[in-house]
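To keep things clear, I will list the structure first and then write my remarks on it.
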Amino acid sequence: MMSEENSAAENAADKVNSEKHSPQAGIESELAKAYEPKAVEEKWYARWKESGVFQAVPDPNKKPYCITIPPPNITGSLHMGHALNNSVLDTLTRWHRMRGFSALCLPGTDHASIATQAVVVRTLAAEGIDYRTLGREKFIEKCWEWREQYGTRIYYQIEKLGCSYDWERVRFTLDSSYVDAVEEEFRRWYERGLVYRGVRVVNWDVKFQSAVSDIEVETQERQGKLYHFRYPFADGSGQITIATTRPETLLGDSAVAANPEDPRYQPLFGTMLRLPLTDREIPLIADDYAKPEFGSGAVKVTPAHDLNDFECGLRHNLPQHIVIGKDGRMTELAGVNFVGLDRFEARKKVVAEMDALGLVEKIEDYTIQTPVSERSGEVIEPLLSEQWFVDMKPLAKPAIDVVLEDKIHFFPARYKDIYLHWMENIRPWCISRQLWWGQRIPIWWTSDEQKSGDQPAVGTKAEDQNQNGDLRHAFARTREEAIIALGTENCWQDEDVLDTWFSSALWPHATLGWPRDTEDLRYYYPTNLLSTAQEILYLWVARMIMTGLDFVGTIPFHDVYIHATVLDEKGDRMSKSKGNGIDPIDLIERYGADATRFSLLQQAGKNQDIKYSEQRTDIAGNFCNKLWNASRFVLMNLDATTTGKLPPGERLTLIDRWLLLRLNRAIDGVNKNLATYDMDDATGELYRFFWNDFCDQYVEMVKPRLRSDGTAKGETEKADAQNVLAFVLETTLRLMHPLIPFITEEIWQALPHSGETICLAAYPVADSAYEDPNVETAFALITEAVRVLRNMRAELGILQSVKLNAAAVASVPISHVTLREQGALIVNMARLERLEVVETAPSAEGGKWVGTPIAGGVELFLEIGDALDTGKEQERVAKELGEVEKQIARAEGMLGNASFVERASAEKVAEERRRLAEWQDKRTKLEERRRQLEK
RNA sequence: GGGCGAAUAGCUCAGUCGGUAGAGCGCUUCGUUUACACCGAAGAUGUCCCGGGUUCAAGUCCUGGUUCGCCCACCA
């Protein structure tokens, strides 16, 4: 359990604390050494997992926070998109857990029907096995073997990333309870008539011999030809020219269409044409789908092989000639000259024969928008086929409403309109797949007809197929149910499987137990967030919203976050074939999970692409290294008495107050940015606060106080500084932990803290009590004085006695006092010999002291010595004066413009006047200095 | 064809309510200060894609265009 390791770590911390002044000997944790992410990360994940901190328990006293992660395919291994998304999900989960929510992040995997089948087929083929010869059952066994062997390897990779998911609740989309849920989904929709058997032109993947849905088809631009063919009139009185990119479909033409408004064809509608290469006659019909401006204005109509033509065919009651088969070869209906030919060979032959007949008018080069199957890369063949469909319209309506009513929020917001646009134009969803691996369709048949992606008989229409009176099929989970439902033992289950997305559409509620009424479902549903890549907005997100509303009655999640696409550094998509992919596991090995996460989160803003280069991981690694080393510094400067509790307010110095103010701003910023999924801004807050404010400013300034002078006052100052350091670092670690979990836990354990693990420590909350404008003003004066002095030193190489005139800042009470008190600080920071804070400007008599203005009316006076290179200083003053003149000209221009003074807001005008006065004052002082130098 | 996004320093990107353009990396100069050279200090660097408009004032708002990218789509 956690407590053992914890006490060990605390012992280490105690040792650090007790053996003061010999820190190296005291640090036993990794902190004794240079930062090695691997050593830090390997020990923590196992401890977290064993201690059960990731396991969520429904708790009525807590608020629920739930994410169901997008289930990766069992074929997959972690890629940059996963790494990005899981970094976001885990950060949000850890953040909520620390804020006291009952946080559940539920992991799982997807059986990925077509993708898995493809990879198993390929694996078998490599062993010389044709999967078809194995038979269905054996093949499915092979798929399960694959899943046993490789299906969960991605979990280990997600663990390496540090994700705090509840591994006790892992789900797989073919778990028996999940299968039950999908059957229930099918049954309800089937009984309501939303799932129906339909004959339509579907996207046929010739390689997989299966239908695929519209959104699994991508359009590629390919160079091809546009063929212009002549179709003669049946009576020989003339001819019509049509154009096509797919000549082989000519054999299946049922008509030629022209626009009813097209005067060229108006007199000819109804005329019969002789379809070349066949013995058929087809009519010239009027349909406004033909666009007069394209080509000749006439278009061939092939209802069985083109979706438009199919719909046109239905309007005109045209026959559907299927001339291309499921295997991509020409059917008998294509005629004896063509039967058995591959579709692309048939294309050449049709062109050759048309040419021989003198019916080719011309052939043009043409860029064709070619539909290609995403999974196989094969050119999609639109094919008339009988399949199972879901009528989406009734389901879309409520899913549109909840988004319009802002019950679901999209981040970035632009995806709302993109979603709505698609939903309003939604089309029927083809859910049957002619594959073996997947969830079998829970339908049983009695008819003798083939049931798998049927190509219906020629010349019939879709509606006729189902209208034969008898019950042809029924929903049944088992053979027994089927026999009862159909009233005969002469029945068998549908051969097809369901589209994978039909299963994953149920993900949020099915993983929580639906259709059973479980405690998890009642407590964690609706979930809080769905975060995913934009490419599956329609494929998945939209469908979860529809099923959630339809089956559970409520939205599945409140927020949808669409993360950017990770590209390579040139902006190209990462792909295996291009070899430009970055492997996140490789990054984790070399830079650590924390650096990998942080670098991804740094770029996870509102943009649609991330150009990722390894340099980004390197930079994030530097940040972790900085955190590591600064923490080592703090640890070796703590004592056994350091509690990490802030000293009483009156003992807090200006820089303490300033640091606490900056910390508070960072706390506020991180919380706000995480709430709006602005991960990049959250990392920016942490980066700037820790590196610039904590390390570069505070730690440098506090160093003198850590070296006590041995007096009681000195001891108190030292102890106070130690406690402020410990307090701020401990708070900062909690603030950072959700983003970079490993390194923060390692360091936190070595610091004074309460609790067993930082995973369950309270998340910092902003407190406006830390705000104090005087602190900021005073601190700004100090840093500005330091900056000016350093600049002078760098450019002039002088290090003389300096006086600081603070008289002019009496309007900011704290500054006056503080400048005097912090004189030593400025000396130290600017590496001066001596600094004196004076009430009035030293006399310029004899030119001994020369002044230079800094901010807020405060002036620095340097003692002129031999070392001062007057020439260089004159150059420097002239340059600064030039800048001042520019600013004065700008302000005078604005204030001299009557309409600005008249129309701009009063505050704005006053602000400009104030600035002008300030610049003018500075100019006066600079000019004075110039005169002195000239002497 | 429709929709969306992007264009700001050499590179990658921020820039909220319109009010003096920022960060990181890189670059120049300096620095072995007992956490860190994976560091520190100082510094240089802009036609905010182009044109027009609104406004006292535009990187920001409106309008037209250019280039790049993404998504959707049935133009043969």
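Chain letters run A, B, ... following the sequence lines, proteins first and then strands; every chain starts at 1. Please read these numbers as outputs of a predicted model, since none were measured by experiment.
Residue E902(A) is out of contact with every strand shown, counting any heavy-atom pair closer than 4.0 Å. At a threshold of 4.0 angstrom between heavy atoms, the contacts of F229(A) with the nucleic acid are absent. Using a 4.0 Å heavy-atom cutoff across all strands shown, D609(A) reaches sugar-phosphate atoms only and no base atom. Within 4.0 Å of K703(A), counting heavy atoms only, lies at least one base atom of the nucleic acid. K611(A) comes within contact range of the sugar-phosphate backbone alone, with a heavy-atom separation under 4.0 Å but no base atom that close. No engagement by A898(A) is indicated, since no non-hydrogen atom pair under 4.0 Å with the nucleic acid exists. Nucleic acid contact for V301(A): none, since no nucleic acid atom lies under 4.0 Å from a heavy atom of the residue. Within the 4.0 angstrom heavy-atom criterion, only backbone atoms of the sugar-phosphate kind lie near R787(A); the bases stay farther away.
Ionic pairing of E883(A) and K922(A) is not present here: no N-O contact between side-chain nitrogen and carboxylate oxygen is shorter than 4.0 angstrom. Look at D572(A) and K570(A) and you find no salt bridge, because none of the NZ, NE, NH1 or NH2 atoms lies under 4.0 Å from a carboxylate O.
The two residues A620(A) and A595(A) come nearest to each other via the heavy atoms CB-O, 3.3 Å.
When the P atom of C38(B) is taken as reference, atom CG of D696(A) falls 16 Å away, rounded to whole Å. Protein atom CG of D214(A) is 15 Å distant from nucleotide atom C1' of C71(B), rounded to whole Å. Atoms CG (D253(A)) and P (A76(B)) sit 15 Å apart, rounded to a whole Å. One atom, CG of D680(A), and another, P of C13(B), lie 12 Å apart when rounded to the nearest Å. L601(A) has its CG atom 17 Å from the P atom of C13(B), to the nearest Å. Atom P of nucleotide G15(B) and atom CD of E685(A) are separated by 13 Å, given to the nearest angstrom. The CE-P distance, from M894(A) to U55(B), rounds to 17 Å in whole Å. Distance N203(A) CG to A73(B) P: 10 Å, rounded to the nearest Å.
A gap of 29 Å separates the P atoms of A44(B) and U34(B), to the nearest Å. Comparing G18(B) with C48(B), their C1' atoms are spaced 15 Å from each other, to the whole Å. Taking atom C1' on both A57(B) and A14(B), the two are 23 Å apart, rounded to the nearest angstrom. For the C1' atoms, the distance from U16(B) to U60(B) is 10 Å, rounded to whole Å.
No side-chain N or O of K611(A) forms a donor-acceptor pair with one of S613(A) less than 3.5 Å apart. Side-chain contact of S599(A) with Y591(A): a donor-acceptor pair under 3.5 Å is absent, judged by distance alone. Side-chain contact annotation: E361(A) with T241(A), donor-acceptor N/O pair under 3.5 Å present. For the residue pair T617(A)/E614(A), the side-chain donor-acceptor check at 3.5 Å is not satisfied.
In this structure, F294(A) and Y366(A) have perpendicular ring planes: the angle between them is above 60°, well past the 30° mark.
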Could you list the protein-to-nucleotides 21-27 of chain B atom pairs, N/O on both sides, closer than 3.5 Å?
| residue | atom | partner | partner atom | Å |
| --- | --- | --- | --- | --- |
| C25(B) | O2' | Q615(A) | NE2 | 2.3 |

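Across the interface with RNA chain B, nearest-nucleotide mapping of K300(A) and Y35(A) shows Y35(A) to be the residue nearer the 5′ end.
Distances were taken from every side-chain heavy atom of N625(A) (C-beta onward) to each of C38(B), A35(B), U20(B); the shortest belongs to C38(B). Among A35(B), A76(B), C4(B), the nucleotide with an atom closest to any side-chain atom of T245(A) is A76(B). Minimum atom distance to the side chain of T219(A) is reached by A73(B), of the listed A35(B), C4(B), A73(B).
Under the 6.0 Å cut-off for aromatic ring centres, Y561(A) and F411(A) do not qualify, their centroids lying 6.0 Å or more apart. Between F694(A) and F690(A), a ring centre-to-centre spacing shorter than 6.0 Å is recorded.
Phosphate proximity of G43(B) to N791(A): present, with a side-chain N or O under 4.0 Å from OP1 or OP2. The side chain of Y366(A) contributes an N or O atom lying less than 4.0 Å from OP1 or OP2 of A76(B). Taking side-chain N and O atoms only, K626(A) has a distance below 4.0 Å to OP1 or OP2 of G40(B).
Nucleotide C38(B) is shown with an anti base, its glycosidic torsion being more than 90° from 0.
With hydrogens and angles ignored, no donor-acceptor pair under 3.5 angstrom links the side chain of Q602(A) to the base of A14(B).
For RNA chain B, if you chain together Watson-Crick or G-U pairs that step i with j, i+1 with j-1 and so on, the runs of at least three with distances under 3.5 Å are B:1-7 with B:66-72, B:10-13 with B:22-25, B:27-31 with B:39-43, B:49-53 with B:61-65.
Side-chain N or O atoms of T302(A) include none that pairs as donor or acceptor with a backbone N or O of H305(A) at under 3.5 Å.
Contacts between residues 532-542 of chain A and RNA chain B, counted as heavy-atom distances below 4.0 Å, involve Q534(A), Y538(A).
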